Structure formats: C-alpha cells, structure tokens
Chemist: 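Here it is: the structure, laid out below.
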Amino acid sequence: MSDTPKADRQSGAAILTQCLVDQGVEFVFGYPGGAVLPIYDELFGDERLRHILVRHEAGAAHAAEGYARSTGKPGVVLVTSGPGATNAVTGIADAFMDSIPMVVITGQVPTALIGTDAFQEADTVGITRHCTKHNYLVKDPADLQATIEEAFRIATTGRPGPVVVDIPKDVQIAVPSARNAAKLTASHRYSPQMAAPAEQVIEAVEMIAAAERPVFYTGGGVINSGPEATRLLRQLQDMTGAPTTSTLMGLGAFPSEHPDWLGMLGMHGTYEANLAMNKADVMVCIGARFDDRVTGRLDAFSPESKKVHIDIDRSSINKTVPVDLGIVGDCATVLGQMIESWGARKPQDLGEWKARIAGWRARECLAYPEKSTKDPSAIMPQKAVERLHALTHKREPIITTEVGQHQMWAAQYFGFEKPNKWLTSGGLGTMGYGMPAAIGAQLGCPDDLVIDIAGEASIQMNIQELGTASQYRLPVKIFILNNEYMGMVRQWQELTYESRYSNSYSDSLPDFVKLAESYGWTGIRITEESELDAGIEAMLAADGPVMVDCMVAKDANCLPMIPSGAAHTEMLLYGDAHEGTMDDEAKALV
Amino acid sequence: MKIAHDNAERHVLTVTVDNEPGILAKITGLFTARGYNIDSLTVADISADHAISRITIVTGGPPQVIDQIEAQLDRLVPVHGVVDLTTAGPHVERELALIKVTGTGEARVEALRVADIFRASVVDTTTESFVFELTGAPDKIDSFIALMRELGLVEVGRSGIVGMLRGAEGS
C-alpha cells in the first residue's frame, strides 16, 4: 500500500497502471478492445509493465493462472467489455475452483450507457458474481486506488481466488477532482484466520500420536500456502512417519521419491493410497476439500478413521464429509503450530501399518499392459509419459496439462519432487488450459523447462495461443498424446454405455507438425516406440517452442479407476474386465 | 432413479453486510447457486451513515446444510457476520403485515372486533373497507389472515421476519 495519493490530476487509466506497478505486477495478460483503449494507451511505451498479447481472452485468463501457479504471485488479466469479459469467464471460474490468485481488469461501457444494451455491453459484475471471490464495478476514478489495493489483497490472502474489477470507459478517462481524490481509504474488512486455537492443535497432535494407522491427505492448499508449507509438511511427516497421499492439485508438496509417498488418491489414484484412506484410523486432511473425485462413494469413504481437517476456508469443513476436528487456518501456520506441539515425541511404531501398505503397493497398480490389444505396435501412452519423465526430471520441469486421460497419466507417471511444478485444471476440468498456462509459467519462470502434456482434442481448444508463444519467443514444449479420441469420454462410454462412442472420435485432425511449423514452431512426430527417446531429446534440444505429436495406442484406458458411485475398495485395475453398462444411479454421477 | 430430498428444519439467520451494490444479488444468488431455500428475506440499512445493512433470512435445511449456509455467507467479502438466531438462543421474531378487508354490516363490525383482539390498528378506512396494520410473530399474523378470509379479505402484504436475540447482549 502506498502512502502518497496518486490521484492528483491523473486519469483513471493512469491511476490503474500506477496501482499495478505498486502491486509489483510484471505481466499483464490481455487483449485490447473499445472499452479498454484508455488503459492500453497508458500501457503504450510504459516500460514498467509488460503486456502479453494473447490470441483469445480465455488464453489470457489461463496464462495468468499458469503464471500465478508457478510463481505464487497473482496473475493479472486485462480484457475489454462484453465478449472480452465473457471469453475470460471460463478462466475466472477455473481460478475460482482451484483457488488461484488472479486480478482481472475488464473494461465496461461508459457509466451513462450501462443498462442500455450498448455495443459490447455485458453485465460483467453480474456474470462473474458467483465465479469470483469478489468483484467490483468502479464508478468513480477516486475509488480506483483503494479498489485495486483491496482487490489484490483479497485475491492473494486467505483462500486465494480471482477478483474482477470492472471499469467503465469514462472512469478510465476521468480525472478525480481534488476533493474526491483518494476518498476511499483501503478497508480493513476481510481478515482470514491464519493460526489455529492452541487447544485444537494439541488435540490434532494427540490424535496423530495415538494413531496406529495414520494417513496425511494433502491438497492444493499446501501449495497455495507457499514453499514454507511444503517444507513444514515434510518436517511433520518426518516426525510422525505418517504415510502421505495427495490430491491432483497438491502434487509436488510431498516428494514422489519418498518411501512414505502413496501416490495420488481418488478416482485415478493408486491402489495403496485409496486403500490406506479406507483403512486408516486417523486421517489428517491438509488443505484439501474432499472433492467427489477424491472421496468416491461418500458413505464408504474412510469409514474407520477419525478425521482432522485443516483448511483456511471454513466452508470447506464439513461440506461433504463430516470431520471430528475442523481447524480453520493457513496450512503453513497450522503445520508450524503442530510441529511445535509435537516437540520431541517419538512416533508410534507404524511397522504393521506400513507392512500392510507394502502389501497394497505390491499389487503394482500402475503396471500397465506392455502392448495395446488392438494395435500391438502402438506406443502405450503411459510409456510415453514415463520416458518423458525419465529424460526430463533432472531439469525439474514445470508440467502443465489439458484435461482428460493424458492429464491423469501425467499425474500418475510423472513424479514431482517440488511444489509449483504441476499446473493443471483440477476443479473445473477445463480443456484448453495447458498451453496458455505453459505460456504464463514460461514468462514467470524463464529459465525453467515448461512442458504441456496434452491430448489432441484438448489442445485444439486454445490452439490459437501458438501465436502468443511465437510472438514472445517462449520455448514452451507441447507433448501431445494423440490417440485420436477424446479418450476419457471414450473410456466412460466403454464403462457405462456399452462402447457406443457417441461423438468422441477426433475426426478431421490437423497435421500438428505442419500446424506448428506454420506458426514458426518446431514440429516433431513420433509414431514408433523406437523413436520415443530420440523424439523427446529432439524436443529438448530445440531452442524455441516445439510441438510433439506423439501417436499412441487408441484403446488404452486410464486405470486404476474408481467407477462412479463406487467405494475406494472397489477399484478397477489393469486386467479387470470393465466394459459394459451401469445402473442409473451410477450413470447420474459425473 | 429417484431425486433425493432432505428433511428441512427452519432457521432464522441475521447477516450484517457492507451496504454496497450487488450484495443482495450476491447473497440471493448464493442461495440459488447452491440449492438452498429462502422462505423470507428482509433487508434495510441500519447505520447512521448507511454503510451497513442487516439482512434477516428465514431458510430451511438439515443441520449440515444450515452450517454450510452460514459458512458460505460468512466467506463473502462484504459480510461482517452471520448469526443463526435459531441456535444462538431465545430470540424474538416480528413481522409486519398490511391487510385489506372489505365488507359492510355485521362482517365489517366483526372484522373490527377481531382486529381489536389482535391489537391490529386501522391505518386506512373507507365506508366499505379497512387496511389493518399488524405486527407480531408470524403465526399470529397467519391466524389473523385466516380469520379475515371469512370477513372479506382482499389483499395481504407481509414484510418478512426481522429477528433479534433476547437479553442485554448484542449478537
């Protein structure tokens, strides 16, 4: 927060850009249009802010998400009114579901025209009301500074999320009168509870200390809480010895090479993680939210455990799963409190519990068939991800994904040792997230290797962003697992609709190599397993952006899987028969 | 397959909020988006500078849903506080109603007599009509309206409930 009022004789647009600079903003992801021209004119020649011109406003929002998720700093989006704002809505909703800090500046028609169905008018505040943490319509330039300051504070503190600031064009042009200047002081509202009451911390520690079969179930909240939360999680795990699993969003908080790592849990989680959840006597949920992908059938979810839930958002506690001890607080702060409270205790002997887990591990649930039954010469997609991991993990790459089978294979077969390296659309499940997110991550982390593991269907949803990477010379890599199907849809149709593949075939695909080349990218195609390593090496060796079209088995399914409406103990594994149909209760679940 | 319905219990919530544009839409939209019920909702600003409003919502749901409603309301940025009067302790609930009744002769006299019993006041009259003003607990208003139905009821307007905890403490 700055002390000097900047409102003196500056236009709304100038106040806005100054506020963004004051907030430490490096990049603005945006697309110009009529209702933001005054802001774009301020950006012209302003060296302090770097504007990244995307090709579609959805790309701007996802790029901002990728930047935020990889750097821990808020992403900033600037779009025009009407279609500019509505195009960004998917990315805003995505950020809301996955708790990504983001500030979205939208232009609006001049205040006098609001409500008249003016050209490019949309009720942006109305449309985004329920997919933002908070939103504003600024009607007076004198309010801008305080509004922007509060917007950043709300977006980045507590449970992070997107905040929309809608600014009519006349407010961008007007100069606040000296009398009104900075009349709105930054408010003191919204102060999330960070630390937990001491007695709750003691109770949680006592529960863990008494547990014979403890498990830590961690989520994206640990990543959002910052690197300190990751460090403290590892420390507490070390002190207690508790086996640890994570949601999709939480991957990287706990190292995948650790002997107590169970792998991801949930619908496509590992056998050992889901069985450990099912048989645990004490479960500690840290920064996760008992999503339906995680719990499976609720009445059979972890039936024997006492549950502790640490979450900064009180509304996450007892939302779907009643817990024995709900702790409202920041992950890092509460983990620190728990470590202090644990003190010099020795952990229980968990040998018996770990032996049971070793038994489940021995099932090798991620061991996939060597060859596709329908096309024995095809590359198995799991193999492709494994090789990608093997050839890149030393460089600790940032991995983004689209949504579908490839996303789950990436989660299962690409191990993460550090936080902020795994960027995926978890809650909303937005196809088309991966490439723009990779662009944002590459800008935020210019020295990192950034790879979008994609599917041939998803990648087409924001394919226009190829141009953005070209323009800004961003060496992002896109690795398409091309099975010519919306694979997850096809898989569900096999499970639920007797293999009636209604509209899930990716017909009329472009030649991805030529498409990449037409944007100035390098295009590589891999069709044989013998070419896999060389293709990946060639991708890594290229200086600029590369798109790899890796042709994989069309019939490979993503397993293990907890089918809709099933319990953690009812996983489908490789080798199980799973084609057929389901009853209506199961069909109705997503 | 069957669509599930939960057993609802009635709760009265008071919500204090920043009196800013869109806050009512945010709250009512939250209820529709998450499938909660609103039986009645009243809102008015309560501070001298018009900065704070108080909303009273009558809703229904199983205890877990009521807890969620409270938590979901509480996390909205402009919301200062949420109190569930139903669980917080003894409280008063009051509602105001305007009731128009027409009639002549014995029915008219009877309407006036019943109004007197209910301590309703006459706020408008013509030779063939009354407008009664009645405040009280919702069931008292229900009973009065039920009686007036037989005596020439024409129109009813109700404010919805305003509630407050009993005793010296503010909520």
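Letters A, B, ... mirror the listed sequences (proteins, then strands); counts begin at 1. Bear in mind that the values here come from a model prediction, so they are computed numbers and not experimental data.
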Chemist: Name the region of B:Pro21, side chain, backbone, both or neither, that has any atom closer than 4.5 Å to a heavy atom of chain A.
Modeler: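 For B:Pro21, no heavy atom lies under 4.5 Å from chain A.
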Chemist: Have a look at B:Ile52 and tell me which of B:Asp45, B:Asn19, B:Asp18 forms a side chain to side chain contact (heavy atoms under 4.5 Å, CB included) with it.
Modeler: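 Testing B:Ile52 for a side chain to side chain contact (heavy atoms under 4.5 Å, CB included) against B:Asp45, B:Asn19, B:Asp18 leaves exactly one candidate, B:Asp18.
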Chemist: Could you tell me which portion of B:Glu20 (side chain, backbone, both or neither) has an atom closer than 4.5 angstrom to a non-hydrogen atom of chain A?
Modeler: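 For B:Glu20, side-chain heavy atoms alone lie under 4.5 Å from chain A.
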Chemist: Please check if atom NZ in B:Lys140 has more than 12 non-hydrogen atoms from other residues, nucleotides or ligands closer than 6.0 Å.
Modeler: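 More than 12 within 6.0 Å, yes.
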Chemist: Counting only heavy atoms closer than 4.5 Å, note whether A:Asp583 contacts chain B via side chain, backbone, both or neither.
Modeler: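 For A:Asp583, there is no contact with chain B at all, as no heavy atom is under 4.5 Å.
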Chemist: When you measure from the side chain of B:Ser143 to the backbone N and O of B:Asp139, does any donor-acceptor pair fall under 3.5 Å?
Modeler: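 Judged by distance alone, yes, a pair lies under 3.5 Å.
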Chemist: Side chain, backbone, both or neither: which part of A:Ile317 has a heavy atom under 4.5 Å from chain B?
Modeler: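 Just the backbone, heavy atoms under 4.5 Å.
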Chemist: Mind ranking A:Arg129, A:Lys139, A:Arg159 by heavy-atom pairs under 4.5 Å with chain B and telling me who comes out on top?
Modeler: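 Most pairs with chain B among the choices: A:Arg129.
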Chemist: Please lay out, stage by stage, how A:His134 and A:Tyr190 fare under the test ring pair (Phe, Tyr, Trp, His ring centres under 6.0 Å).
Modeler: CA-CA 11 Å; A:His134 195 48; A:Tyr190 189 70; 9.0 Å; no
Chemist: Please determine if B:Arg10 and B:Glu93 form a salt bridge, counting it only when a charged side-chain N lies under 4.0 Å from a carboxylate O.
Modeler: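 Answer for the salt bridge query: yes.
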Chemist: At a heavy-atom separation under 4.5 Å, does B:Gln72 approach chain A through its side chain, its backbone, both, or neither?
Modeler: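 For B:Gln72, the contact with chain A is made by backbone and side chain together.
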